[in-house]
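Encoded as structure tokens, the structure appears first; notes follow it.
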Amino acid sequence: MAEHIDHLLTGEGRTFPPSEAFRADAVVDERIYDEARADRLGFWADRARELHWHRDFTEVLDWQPPHARWFGDGQLNVAYNCLDRHVEAGNGDRVALHWEGEPGDRRTITYAELTDEVRRLANVLESHGVGAGDRVAIYLPMLPEAVAAMLACARIGAIHSVVFGGFSASNLRMRIDDARATFVITADGTWRKGKVLPLKPVVDEALAADGHDVSGVLVVRRGENEIEWVEGRDRWYHEAMADASAEHEAPALDAEHPLFILYTSGSTGKPKGILHTSGGYLTQAAFTHRAVFDLHPETDVYWCTADVGWITGHSYVVYGPLANGATQVLYEGTMDTPGPGRPWELIERYGVTIFYTAPTAIRTFMKLGRQHVQSSDLSSLRVLGTVGEPINPEAWLWYREVVGSGIAPIVDTWWQTETGAMMIAPLPGVTALKPGSAQVPLPGIAIDVVDDAGTVVADGEGGLLVVTEPWPSMLRTIWGDDDRYRETYWERFGDRYFAGDGARRDADGDIWLLGRVDDVMNVSGHRLSTAEIESSLVGHESTAEAAVVGASDETTGQAVVAFVILKSRFADAQSLEESERTLRAHVASDIGPIARPRQVFIVPDLPKTRSGKIMRRLLRDLAEGRDLGDTTTLADQGVVEAIRSQLR
Ligand code: WT7
């Protein structure tokens with residue numbers, strides 16, 4: 001019994017092999033590992049050739065560490081692969097998107113219709129002078145137009161930079177400036193938690209000050225909220241589309257043509273513009289989507305809950321599923337609007353068979369109670385996925401039991417904005433699943449766990465996760481900052497990629513992810529930088545000094561906890577509650593609501609080492625209410641007591 005409970009808590013030791021029925025019908029079997037092992041580059045070349053190439057490649061990989069070229073002399077068009085190809089194969093009538101708005105309005109869009117939409121939009125963009133290599137900022141919510149906008153850019157070779165709709169005007173502006181974007185696509189507003197959240201006003205605010213290159217703003221009508229209009233710059237999406245031709249030939253673009261930039265937090269205050277290119281990215285996004293979810297495009301209905309503003313939305317809402325001709329659900333709103341049964345109603349209505357979400361969402365569903373789940377018929381579900389952070393075995397088992405009727409395989413997928421596509425994950429028809437572990441590198445992917453010196457550690461020992469061979473969907477650089485690209489990922493271990501995650505391999509060779517080892521927090525599966533929030537806090541007039549840590553949180557994985565020293569005139573003039581409230585609101589409006597600290601502690605001092613470095617470990621211990629370990633390097637032992645007295 002004790003052993004049984006132990007297994008339940010750790011997940012270790014208890015495995016769930018695929019059922020015979022699942023295995024018999026799976027799209028890949030165990031031979032795929034042998035195939036990739038026998039000839040890694042040949043394996044990826046075969047996966048690439050499952051796409052349509054305008055010009056076939058002869059070169060698979062050119063690796064000049066840390067720069068890779070995949071399929072370098074080939075040419076393809078990413079949008080053609082996601083759209084026209086399926087129509088030409090006779091699948092134009094297949095549903096691409098079952099879209100549902102938060103208020104419950106619905107649209108069904110076939111592959112033929114989406115192809116038509118993207119061709120028109122490609123013409124609209126070109127008529128505004130947007131061409132190959134130009135950067136387009138997309139600030140759109142979860143609408144079919146967001147998918148169309150990304151694909152229209154891909155079609156003409158413009159580089160999109162999608163900015164999550166929860167980011168503030170200053171964050172949007174920073175991304176517009178860094179990429180020197182010339183065009184913006186947005187919406188008037190979107191439905192969120194039963195209200196219209198305005199978006200166009202954020203774009204107006206972002207563009208208010210001169211110094212940017214944006215000459216046009218295309219506006220999708222959705223919220224029907226009142227907006228201001230800049231004549232000569234702004235244009236309604238539906239008006240532009242009505243005038244546009246549906247004829248547009250997809251040009252052949254180089255395999256290494258840039259596809260998109262996506263900003264993500266690093267350990268410094270400035271977000272990194274992760275650059276992905278075309279052929280290799282699409283190859284790995286499509287292959288992993290098909291193999292890891294066991295996709296049968298003729299019969300499956302797939303739903304990934306991620307927003308297109310994150311990498312998961314890029315690779316597993318747009319590029320992977322559409323390259324595979326999948327039918328999917330796209331949902332505009334929040335999971336608890338109008339009530340906690342919302343996701344399960346959607347699964348029943350559309351007969352969703354594959355569901356992909358984040359551990360934080362699963363823990364929230366768990367807390368709300370199984371009755372909300374069980375009031376819908378979920379018998380269509382046959383594969384469940386998770387991504388974004390380690391999933392605790394309790395949540396894994398609940399997910400399988402309550403959502404997956406005790407039979408659906410769960411694929412825990414480890415990857416990053418930088419990796420572009422999944423890297424470590426089980427294959428549901430092959431792997432005996434182990435709750436809490438992402439398990440094994442995918443075929444064609446090479447991973448090690450090493451110590452600080454770069455030596456592979458023994459199984460069972462913790463270390464740092466590295467990718468030892470280049471992979472097709474790897475980032476190619478950081479936009480405009482190749483030095484930072486080298487320093488961040490490649491300086492530490494030579495030509496091995498440093499992921500920034502701690503990991504451990506167990507005796508079976510399965511990999512357990514142990515969280516970030518840098519100053520990056522993971523809040524609800526979203527990456528936030530401690531430095532970025534600290535600089536936002538210091539940007540407020542009342543702050544003298546700030547330190548931010550990620551403290552463990554039952555629901556969100558980690559939560560932002562800030563320690564702030566006020567300037568004395570504010571410390572005297574305001575109540576602690578007032579200061580805390582002001583600073584939390586300041587961060588939310590400065591960066592975005594996702595960065596809002598769970599707690600702000602106003603403290604008289606911060607614990608520092610004798611060399612002046614803030615001791616974050618100690619602050620994290622304090623925030624999590626733990627006993628403090630070794631504090632002998634602390635310069636002033638009295639500081640801790642002073643802070644502790646503030647933590648109520
Ligand atoms: C970081 C990447 C990949 C899309 C979502 C997040 C953590 C991601 C897992 C997982 C344990 C995970 C890592 C990684 N992470 N998936 N299955 N198990 N940790 O993308 O914002 O680039 O964040 O998320 O710490 O480094 P991202």
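Numbering of ligands and ligand atoms starts at 1, following listing order. Since the model is a prediction, treat every value here as computed from it, not as a measurement.
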[X], any N or O under 3.5 Å of ligand 1 N or O:
X    : result
R527 : yes
H526 : no
D412 : yes

So which protein heavy atom does [atom] come closest to, and at what separation?
atom                    : result
atom 13 (C) of ligand 1 : D501 OD2, 2.8 Å
atom 10 (C) of ligand 1 : E389 O, 3.6 Å
atom 24 (O) of ligand 1 : G388 O, 3.3 Å
atom 11 (C) of ligand 1 : P390 N, 3.1 Å
atom 6 (C) of ligand 1  : G525 O, 4.0 Å
atom 3 (C) of ligand 1  : W415 O, 3.1 Å

(request) Of all the heavy-atom pairs spanning L381 and A408, show the shortest one and how long it is. (result)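 Scanning both residues, the minimum pair turns out to be O-CB, 4.5 Å.
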(request) Determine, stepwise, if the pair S552 / Q558 fulfils side-chain hydrogen bond (donor to acceptor under 3.5 Å, both in side chains). (result) CA-CA 4 Å; S552 62; Q558 283 189 313; over 6 Å; no
(message) Measuring from atom 20 (O) of ligand 1, which candidate in T417, I391, N522 has the nearest non-hydrogen atom?
(response)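 Selected option, by shortest heavy-atom distance: T417.
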(message) Using only atom types and a distance under 3.5 Å, with no angle test, would you say the side chain of R527 pairs donor to acceptor with the backbone of S265?
(response)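 Checking the backbone N and O of S265 against the side chain of R527, a donor-acceptor pair under 3.5 Å is found.
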Considering the heavy atoms of [X], write down every atom of ligand 1 situated less than 4.0 Å from one of them.
X    : value
T312 : 4 (C), 5 (C)
T413 : 9 (C), 10 (C), 16 (N), 17 (N)
L513 : 11 (C)

(message) Ring-plane angle category for H160 and H314, please: parallel below 30°, perpendicular beyond 60°, tilted otherwise.
(response)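 Tilted.
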(request) Look at the rings of Y316 and Y356 and say which category their plane angle falls in: under 30° parallel, 30 to 60° tilted, over 60° perpendicular. (result)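 Rings of Y316 and Y356: perpendicular, as their planes differ by over 60°.
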(request) Tell me whether the centres of the aromatic rings in Y331 and W99 are closer together than 6.0 Å. (result)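 No - the distance between ring centres of Y331 and W99 does not fall below the 6.0 Å cut-off.
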(message) Determine whether the aromatic ring centres of residues Y33 and F43 are separated by less than 6.0 angstrom.
(response)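 For F43 and Y33, the ring centres are not under 6.0 Å apart.
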(message) Is any side-chain heavy atom of L427 closer than 4.5 Å to one of F293?
(response)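 Counting from C-beta outward, F293 and L427 never come under 4.5 Å.
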(message) Between E534 and R616, does any NZ, NE, NH1 or NH2 come within less than 4.0 Å of an OD or OE carboxylate oxygen?
(response)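 Salt bridge between R616 and E534, a charged N being under 4.0 Å from a carboxylate O: yes.
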